[in-house]
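As the structure is a prediction and not an experimental result, all values here were calculated from the model. We use all heavy atoms of the structure for the numbers below, so side chains are in, but hydrogens, waters and symmetry mates are not.
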Amino acid sequence: MYVFNYYRHINHSAERTWKTERADSQLLAVVYQGEGMIHLFGRTYPLQEGSGFLLKSGDEYEVKSGATRGLELAWIAFDVLVEIANTEMERHFQKGTAAFPTYGALPQQLMPPLVDTVKQLAQSLRDPKEQQRNRPDMLFQKLMYMLLDLRPLEEDTPSEEIIQRTISYMEHYYADDISRDKLAEIAGLSPWYYSYLFKKIKGSSPMHYLNDIRLNRAKELLVLQNYSIKEAAKHSGYADETYFRKKFKQVVGLTPTAFSRSKLERIACLSYTYTSHLLALGVIPFATQVNRQREMHREQYHQHIAVHLRRTLFMEHQMWDSDCHTLSEVQPSVIICDDLLMRGESGAAMKQIGPCLVIPWLSEDWRSHFGRIAKFLQLEEKAVQWLRDYRNKAEQARKQLRLALGEETVMLLRISSGQLIIYGMRNVGALLFGDLQLHCPYDVDRIDVEKQIDIDFLAACKPAHLLLVIDEDPASLRYWEQLRASKEWEELPAVASNHLYHVPAYPWLEYSPTAHELMIEEALLLLCPQDKSSTAQKGTKTPHPCT
């Protein structure tokens, strides 16, 4: 039993030293304002706003105010009473020694909720209202609980790392029965301080955060794996299906049934090329990245996309944060993205917004991407038909190009950030040297995606036809001016024979079904004109600052 003896508020001016005293009860000292020091257990500790010390009965201590600011602090004295006899008429106690987890200087990181409780206790003692007469005892018992449950933070461990440890636990064991006390134990903190620290760092309580994890998992099960509502509730940590339905509707705004049915109506696509797969299947995403200036080939779809996320060649952090905020507000039913986007902080942010259908990017080609997305949308037959039509279109174009070009080589060159780039059997290479089987002047199979080259390599290739993409950054524009004035450039067969074609970055560098379909048409227009003398002119009609 803990018995509250007295509360004493002390305010001393600067440079005051108290004589050495001995605590006659348990003492809790909490600093309100100012600075100073306390000599305790043979050591000297600094006193500053928000710091606290716990002393045993019999401990000797000495306090000194700071030289400039003085010192304002509170002493709370209390005793521990141990029951020694119990009869029908009486219970007998004697003064004992408390076994608190820590004495002396209390960890400063754990003090904010404790200081707040002490201040409430002080206020309640000054309140004469009759209805408040039990409040000091209630606050004192709360204070004792906090002291008994106090655990120092692990030495040199950042608060963010400690909180992240509990979040990792939630993400792995969300389906289990998890309490705040369990999470606080994992963090090595008192429940009171753990809640305070968690909310300070993450902006919500730990249990609210856990509930978001569970609901997001339930969304994934409903949308990505077609679980029943009962199964989704059970496997996401909700033992009570009725409560799950109520909580889901409260947070998401839709019932689990309505959410599951609407999955195709609120698709967000955060991988630019995967939007093309959706369009090829006749599905217009609810939200996706749009850049009207660079996407003339998608212009017909822009007005039908409800939420335009911003897109640039190199996504800035601020722009990415803005897109995340927008997605959080519109609550998509599913986010289609690639595995590169799901790395690190961006992946964690996406998982908090909604279910993520993650399609591997580099490990699979665009046909595999297409198949995965079609399977999710349950449009496999439509995908098969689209691929069949595409194959026929490519075969017809291949025959025409073979007649027009014979053994002449074709090459796509990109000037990006002031560098020369060529491609392997991916991106534009998959179309030119795969589907259309044009002759490449370099070993295309030795390049995974792209390769940086110099003018000597380009000169050695001697391309008969050259498709040229020039990025609009200053370095690329300057390099292009230098390149076009060089002797090596003028002597390239494609340049000398007027078989140089300026083409836009999109769709020519887009690795997707609709882009490749458009490139087949463009390749025929550029490389198989009825009037050979108009070839270069036709190729350079594409708007570009350097043409």
Which residues pass the side chain to side chain donor-acceptor pair (under 3.5 Å) test with [X], not counting sequence neighbours?
X	result
Gln437	none
Gln378	none
Ser333	none

Sequence neighbours excluded and cut-off under 3.5 Å, please list the side-chain donor-acceptor pairs for residues 247-259, or say none.
residue: Thr255; atom: OG1; partner: Ala258; partner atom: N; Å: 3.1

State, to 0.1 Å, how close [X] and [Y] come at their nearest heavy-atom pair, and which atoms those are.
X	Y	result
Asp181	Pro191	OD1-CG, 3.3 Å
Ile305	Ala287	CG2-CA, 4.4 Å
Leu518	His297	CD1-CB, 3.5 Å
Pro463	Leu492	CD-CD2, 4.2 Å
Arg165	Ala187	NH1-O, 4.1 Å
Cys337	Cys356	SG-CB, 4.4 Å

Exercise answer: donor-acceptor pairs, residues 450-459 side-chain atoms, under 3.5 Å, sequence neighbours excluded:
residue: Gln452; atom: NE2; partner: Gln419; partner atom: OE1; Å: 2.7
residue: Asp454; atom: OD1; partner: Asp456; partner atom: N; Å: 3.2
residue: Asp454; atom: OD1; partner: Phe457; partner atom: N; Å: 2.8

Between [X] (side chain) and [Y] (backbone), is there a donor-acceptor pair under 3.5 Å?
X	Y	result
Thr288	Cys269	yes
Ser236	Ala233	yes
Lys199	Ser204	no
Tyr511	Trp366	yes
Ser486	Trp489	yes
Asp338	Leu340	yes

| query | So, do Trp386 and His277 have ring centers that fall under 6.0 Å from each other? | reply | no

Between [X] and [Y]: side-chain donor-acceptor atoms closer than 3.5 Å:
X	Y	answer
Ser476	Ser416	no
Glu407	His439	yes
Arg298	Tyr506	no
Asp365	Ser368	yes
Ser512	Thr273	no
Glu364	His369	no
Thr166	Tyr194	yes
Tyr501	His465	yes
Lys219	Gln331	yes
Glu231	Ser228	yes

| request: List the steps, then state whether side-chain contact (heavy atoms from CB on, under 4.5 Å) holds for Leu309 with Leu270. | output: CA-CA 9 Å; Leu309 303 176; Leu270 282 192; 3.2 Å; yes

Please round to the nearest 0.5 Å and tell me the distance separating atom [atom1] of [X] and atom [atom2] of [Y].
X	Y	atom1	atom2	answer
Leu413	Cys461	CG	SG	9.5 Å
Leu527	Gln400	CG	CD	11.5 Å
Glu522	Ile520	CD	CD1	11.5 Å
Ser276	Phe370	OG	CZ	8.0 Å
Asp339	Ile359	CG	CD1	9.5 Å

Given side chains that start at C-beta, do those of [X] and [Y] come closer than 4.5 Å, heavy atoms only?
X	Y	result
Val503	Leu526	yes
Arg292	His302	yes
Arg414	Trp508	no
Val444	Tyr423	no
Leu500	Leu468	yes
Tyr272	Glu510	yes
Pro285	Leu279	yes
Ile353	Pro332	yes

| Does atom CD of Glu381 have more than 12 heavy-atom neighbours, drawn from other residues, nucleotides or ligands, at distances under 6.0 Å? | no

| Is His172 atom NE2 crowded by more than 12 heavy atoms from other residues, nucleotides or ligands, each under 6.0 Å away? | no

Ignoring hydrogens and angles, write down the donor-acceptor pairs under 3.5 Å from the side chains of residues 208-217, residues two or more places apart or on other chains.
residue: Tyr209; atom: OH; partner: Gln352; partner atom: NE2; Å: 2.7
residue: Asn211; atom: OD1; partner: Tyr238; partner atom: OH; Å: 2.5
residue: Arg214; atom: NE; partner: Tyr174; partner atom: O; Å: 2.7
residue: Arg214; atom: NH2; partner: Tyr174; partner atom: O; Å: 3.1
residue: Arg214; atom: NH2; partner: Asp176; partner atom: O; Å: 2.7
residue: Asn216; atom: ND2; partner: Asp212; partner atom: O; Å: 3.3
residue: Asn216; atom: ND2; partner: Lys351; partner atom: O; Å: 3.2
residue: Asn216; atom: ND2; partner: Gln352; partner atom: O; Å: 3.2
residue: Arg217; atom: NE; partner: Tyr174; partner atom: OH; Å: 2.9
residue: Arg217; atom: NH1; partner: Glu220; partner atom: OE1; Å: 3.0

| task | Evaluate the side-chain contact (heavy atoms from CB on, under 4.5 Å) criterion for residues Leu264 and Leu377: first the C-alpha distance (whole Å), next the side-chain angles of each, then the deciding distance (0.1 Å), finally the verdict. | result | CA-CA 7 Å; Leu264 302 186; Leu377 299 174; 3.4 Å; yes

| Taking it one step at a time, do Ile470 and Tyr479 satisfy side-chain contact (heavy atoms from CB on, under 4.5 Å)? | CA-CA 10 Å; Ile470 306 175; Tyr479 185 83; over 6 Å; no

| request: Evaluate side-chain hydrogen bond (donor to acceptor under 3.5 Å, both in side chains) for Asn392 paired with Gln396, printing each intermediate quantity in order. | output: CA-CA 6 Å; Asn392 292 337; Gln396 291 299 319; over 6 Å; no

| field | Quiz item: cation-pi between Arg426 and Trp361, 6.0 Å / 45° | value | yes

| field | Option passing salt bridge (Lys or Arg N to Asp or Glu O under 4.0 Å) with Asp435 (candidates Arg367, Lys393, Arg398, Arg391) | value | Arg367

| Tyr442 and Ile447: side-chain contact (heavy atoms from CB on, under 4.5 Å), yes or no, with the steps? | CA-CA 10 Å; Tyr442 55 86; Ile447 302 174; 3.7 Å; yes

